[in-house]
Amino acid sequence: MKFRKISAVSAVLILLCACKKDGALSTPSPGEKEFQIAVKLNNYMAPVAIDSAIATWEINGQVQQTKMRLRNDTLYTIMKNVAEGNGRLTLQVFAKMQLHQQKLQWERRVDLTLKNNESVRWSSPTNLDDPAWLPRVILTDQGSKFTAIVGLRPADPYFFLKNVPPGFKIELARYYVNIPGGALIVGGGVWKCNNVCTDASGAIENREFFRSLATQIGKREWKMVEISIGLFGDNSTAGPGFYFNHY
C-alpha cells in the first residue's frame, strides 16, 4: 500500500523546541569519546520544514539523548562520552510538513555497532513511502493540549500520548480498510486503558500493542488507515478526542 495525497519518552516532551542554527562541529578534547550524527535534508524535507529533532542511543540498559541542531541543509548532533558497542540509534524528527492538515513525526531506528569517533550520515525522507523512515501523524487538541502521535503504517506499532487529562478512560483504535464497493477491515485493534496508565508527567509511550497489525494484514491490500482516540469519563462524559483517516 502506498501513501498518497500529501498537503503543501517523557523525553519527547522536549522535542517541541525549535532546532537552532549552529556553527561548525566542535573538535573533541584529547581522550574524549564522541559520536557524530547528521541527516542531510532535501526538497521533500527542507530545512524550513523542521520543527525539532532528537537522537537517542541505547546500549546495555543505558539511554543517552541529545537534541539535534539545524546547520544549513543538515540536522546534526554530537554525542560525547558515549558507551561503545552494539546498541540502537533512534532519530525522531518533528516536521511542519502536513498530511491532511496534521503535522508529522518521522522516525528512523537502527541497531548498529558504535566505535569511538565514528559518524552516522543519513538522508532525510524523500517521500511519504520512504522505507528507511516511519511517518506518524501528530494530533493535538488545542484546548487541553492533549496530543497523540500514532504510526501510519501497519509495520509501525508506535503510539505516544502526552498531556493526558486525568480521570478518563482511553481508547485508541487503528484500522486498515479495503474499499472495493464496500468497507472491508483487513486488520486493526483497540488499545484501552481503564485506570491510570501514564507516567508522572501524563504521558504514555507504547511500541508493542499494535505489533500484530502487520501479521494480521499480511499481503492483503488496504486502501485506508483510520485512527480514532477517545477519552471517556464517568456517566458517559467525553473528553477530547481525535479521528483521522488517510487513503
Side-chain angles (χ1 to χ4, degrees), residues 3 7 9-17 51-52 54 56 63 65 90 92-107 134-177 179 183-217 222-247:
F3 289 106
S7 57
V9 309
S10 45
V12 179
L13 297 177
I14 67 175
L15 294 179
L16 299 180
C17 297
D51 265 342
S52 58
I54 193 168
T56 304
V63 178
Q65 295 176 326
T90 303
Q92 290 183 330
V93 179
F94 283 67
K96 298 174 184 177
M97 57 207 311
Q98 295 186 350
L99 183 65
H100 305 315
Q101 292 76 54
Q102 305 298 331
K103 292 183 179 181
L104 296 174
Q105 181 207 77
W106 294 85
E107 181 178 278
L134 295 173
R136 296 162 182 165
V137 64
I138 303 173
L139 306 169
T140 302
D141 177 70
Q142 294 303 318
S144 66
K145 302 303 179 183
F146 172 45
T147 299
I149 302 171
V150 185
L152 293 171
R153 297 178 190 162
D156 181 14
Y158 184 89
F159 70 86
F160 175 79
L161 309 178
K162 76 166 190 172
N163 297 328
V164 180
F168 288 97
K169 299 177 182 179
I170 308 170
E171 291 189 7
L172 191 161
R174 288 173 63 179
Y175 289 104
Y176 294 84
V177 181
I179 324 175
L184 172 64
I185 296 175
V186 298
V190 181
W191 176 85
K192 297 181 180 182
C193 174
N194 294 324
N195 298 300
V196 177
C197 51
T198 66
D199 63 17
S201 69
I204 308 162
E205 185 179 48
N206 190 303
R207 293 181 180 270
E208 297 300 325
F209 181 82
F210 289 106
R211 193 166 293 279
S212 64
L213 286 175
T215 302
Q216 282 184 45
I217 295 171
W222 59 273
K223 296 184 178 179
M224 181 170 68
V225 55
E226 295 182 328
I227 296 169
S228 63
I229 303 166
L231 301 184
F232 305 97
D234 296 333
N235 301 319
S236 300
T237 58
F242 310 109
Y243 175 77
F244 176 88
N245 68 46
H246 175 68
Y247 55 91

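- Annotation: the span from Lys103 atom NZ to Leu139 atom CG amounts to 13.0 Å, rounded to 0.5 Å.
- By the side chain to side chain contact (heavy atoms under 4.5 Å, CB included) test, Lys96 pairs with Asp51, sequence neighbours left out.
- The salt bridge (Lys or Arg N to Asp or Glu O under 4.0 Å) pairs that include a residue from residues 237-247 number zero, where partners must be two or more places apart or lie in different chains.
- Counting only heavy atoms from C-beta outward, the side chains of Ser144 and Asn163 never approach each other to under 4.5 Å.
- In this structure, Pro165 and Pro240 approach most closely via the heavy-atom pair CG-CG, 4.2 Å.
- With a 4.5 Å cut-off on side-chain heavy atoms, Asn206 and Leu172 do not count as touching.
- When all heavy atoms of Tyr243 and Ser228 are compared, the closest pair comes out as CD1-CB, 4.1 Å.
- Taking the side chain as every heavy atom from C-beta outward, Leu99 and Phe244 approach each other to under 4.5 Å.
- Across Trp106 and Pro135, no two heavy atoms sit closer than the pair CZ3-CB, 3.6 Å.
- Ser212 is linked by a side chain to side chain contact (heavy atoms under 4.5 Å, CB included) to Gln216, counting only residues two or more places apart in sequence or in another chain.
- With hydrogens and angles disregarded, a donor-acceptor distance shorter than 3.5 Å links the side chain of Arg174 to the backbone of Arg153.
- Looking at heavy atoms from C-beta onward, Leu213 lies out of side-chain contact with Asp156 at the 4.5 angstrom threshold.
- Taking both residues in full, the closest heavy atoms of Val225 and Leu152 are given as CG2-O, 4.0 Å, listed atom of the first, atom of the second, then distance.
- Listed by chain and number, the residues in a ring pair (Phe, Tyr, Trp, His ring centres under 6.0 Å) with Phe242 are Phe146 (sequence neighbours excluded).
- Within the 4.5 Å cutoff, the side chain of Lys162 has no heavy atoms near those of the Ser201 side chain.
- Between Gly151 and Ile227 the shortest heavy-atom distance is O-CD1, 4.0 Å.
- Scanning for side chain to side chain contact (heavy atoms under 4.5 Å, CB included) contacts around Val190 gives Glu171, Ala173, Tyr175, Lys192, with sequence neighbours left out.
- Below 30°, between 30° and 60°, or above 60°: for Phe159 and Phe210 the angle between ring planes is above 60°, a perpendicular geometry.
- Here the straight-line distance linking atom NZ of Lys169 with atom CZ of Phe232 works out to 10.5 Å at 0.5 Å rounding.
- For the pair Ile170 and Trp191, the minimum side-chain heavy-atom distance is below 4.5 Å.
- By the 30° and 60° cut-offs, the orientation of the rings of Trp222 relative to Tyr176 is perpendicular.
- The side chain to side chain contact (heavy atoms under 4.5 Å, CB included) check on Arg207 picks up Thr90, Gln92, Glu107, Arg109, Arg136, Tyr158, Glu205, Arg211, with sequence neighbours excluded.
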